[in-house]
Amino acid sequence: MSRSESPRSDAPRSDFVVRGPRTSDVPHIQRLIGPLVNRGILLGKESVVFYEAIREFRIAQNDMGVPVGCGALHVMWQDLGEIRTLAVDPEWMHRGVGHSILERLEADALELGLTRLFCLTFEVDFFEKHGYSVMGEEPIDPALYSELLRSPDEGVAEFLDLARVKPNTLGNTRMIKHLSLA
């Protein structure tokens, strides 16, 4: 199919690429997540937090070089990571952008040796289609639990389902995927 033809709306597109991050992407990340922050779907963060975490991100950019999606992989422990800040420009929804970003983040996780990925999301159907399942009482070794309690990161607190983050998680679903290091 040529670039000028219109694929089905649910078909993956070839007019974007997923790449590593640049510091110049921070304003684009903020633009992409802004509407989601305003709707209470994502938590807002200061610019400095995005600059500090820029290496965790993957960016989808269109063929004009404009970022149209983003997502981050945050390492929480030796075998555990979190998919966070996954956002797609509304004009690029249902074109495979979110799928491609998630796929790249999962490949990054495997490369790091992670075997479990956590996410906190309103997009349960999207993540279920990608092999995530709703978290029940995920067994956590007591020694690991004690270590994770020391983290100031809100994502870790959300994974542990701590009471102090309950206002942040209302309506969200805690999900997990077990990866295979084949």
Side-chain angles (χ1 to χ4, degrees), residues 17-23 25-26 28-30 32-33 36-37 41-46 48-60 67 69-88 96-162 164-166 168-169 171-182:
V17 296
V18 177
R19 61 166 173 78
R22 301 179 188 123
T23 56
D25 291 324
V26 168
H28 296 287
I29 292 168
Q30 292 173 309
L32 289 165
I33 72 164
L36 300 172
V37 171
I41 293 172
L42 291 177
L43 293 175
K45 297 177 183 171
E46 300 296 328
V48 67
V49 174
F50 290 114
Y51 283 109
E52 289 174 341
I54 194 65
R55 295 194 46 82
E56 296 180 353
F57 278 85
R58 293 295 179 197
I59 305 297
C70 65
L73 170 66
H74 180 75
V75 175
M76 297 167 71
W77 196 251
Q78 176 182 351
D79 66 334
L80 177 65
E82 179 185 10
I83 299 295
R84 52 171 60 168
T85 322
L86 186 58
V88 176
V97 175
H99 167 80
S100 295
I101 294 169
L102 183 59
E103 192 174 74
R104 178 74 178 266
L105 294 171
E106 289 179 356
D108 292 345
L110 286 169
E111 190 172 305
L112 289 166
L114 301 178
T115 56
R116 295 182 294 165
L117 287 178
F118 163 76
C119 69
L120 183 68
T121 186
F122 286 102
E123 301 296 332
V124 174
D125 290 342
F126 172 81
F127 280 96
E128 281 180 338
K129 287 176 187 172
H130 292 89
Y132 289 74
S133 58
V134 175
M135 271 181 72
E137 293 299 316
E138 184 78 7
I140 301 173
D141 175 70
L144 173 58
Y145 185 87
S146 290
E147 288 291 330
L148 291 175
L149 277 176
R150 297 176 189 184
S151 174
D153 186 84
E154 293 296 298
V156 173
E158 292 161 349
F159 172 76
L160 296 175
D161 204 23
L162 300 180
R164 72 177 171 82
V165 295
K166 290 291 185 191
N168 297 347
T169 63
N172 278 292
T173 301
R174 295 166 61 236
M175 300 187 80
I176 194 137
K177 180 175 183 176
H178 295 270
L179 303 174
S180 169
L181 291 174

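Because the structure is predicted, anything quoted here is derived from the model rather than measured.
Under the ring pair (Phe, Tyr, Trp, His ring centres under 6.0 Å) criterion, H28 pairs with no residue, sequence neighbours left out. Residues meeting the side chain to side chain donor-acceptor pair (under 3.5 Å) test with E123, sequence neighbours left out: none. Residues that satisfy the side-chain contact (heavy atoms from CB on, under 4.5 Å) test with L144, not counting sequence neighbours, are W77, R116, I140, D141, L148. In this view, I83 and L73, L102, L105, L117, C119, F127, Y132 satisfy the side-chain contact (heavy atoms from CB on, under 4.5 Å) rule, not counting sequence neighbours. Residues passing the salt bridge (Lys or Arg N to Asp or Glu O under 4.0 Å) test with E147, sequence neighbours excluded: R150. Remark: R22 pairs with no residue by the side chain to side chain donor-acceptor pair (under 3.5 Å) rule, at least two apart or across chains. In this view, E56 and H74 satisfy the side chain to side chain donor-acceptor pair (under 3.5 Å) rule, not counting sequence neighbours. Applying the side-chain contact (heavy atoms from CB on, under 4.5 Å) criterion to S133, with sequence neighbours excluded, gives I176. Legend: residues meeting side-chain contact (heavy atoms from CB on, under 4.5 Å) with V18, ordered by chain and number and at least two apart, are F16, R58, A60, S100, I101, R104. For Q30, the side chain to side chain donor-acceptor pair (under 3.5 Å) criterion is met by S47, not counting sequence neighbours. When the ring pair (Phe, Tyr, Trp, His ring centres under 6.0 Å) test is applied to F50, no partner is found at least two apart in sequence or on another chain.
Atom OG1 in T23 sits 13.0 Å away from atom CZ in F57 (nearest 0.5 Å). For the atom pair C70 SG and L32 CG, the distance stands at 5.0 Å (nearest 0.5 Å). With values rounded to the nearest 0.5 angstrom, L114 atom CG is found 13.0 Å from K177 atom NZ. Of the inter-residue distances, the one linking R84 atom CZ with F118 atom CZ reads 9.0 Å to the nearest 0.5 angstrom.
Panel note: side chain R174, backbone F159; a donor-acceptor pair is recorded below 3.5 Å.
V156 and S151 get closest at one heavy-atom pair: CG2-OG, 3.7 Å. Considering all non-hydrogen atoms of both residues, A109 and L179 come closest at CB-CD1, 3.9 Å. Summarising the geometry of P67 relative to D25, their closest heavy-atom pair is CG-OD1, 3.9 Å, with the distance given to 0.1 Å.
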(message) Between I33 and I41, is the side chain to side chain contact (heavy atoms under 4.5 Å, CB included) condition met? List the steps.
(response) CA-CA 9 Å; I33 72 164; I41 293 172; over 6 Å; no
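For the pair H130 and H99, the minimum side-chain heavy-atom distance is below 4.5 Å. You'll find the side chain of L43 reaches within 4.5 Å of the side chain of E158, heavy atoms only. In this structure, T121 and F126 have side chains that are not in contact, with every pair of non-hydrogen atoms separated by 4.5 Å or more.
For E128, the CD atom sits in a packed shell: over 12 heavy atoms of surrounding residues, nucleotides or ligands are nearer than 6.0 Å.
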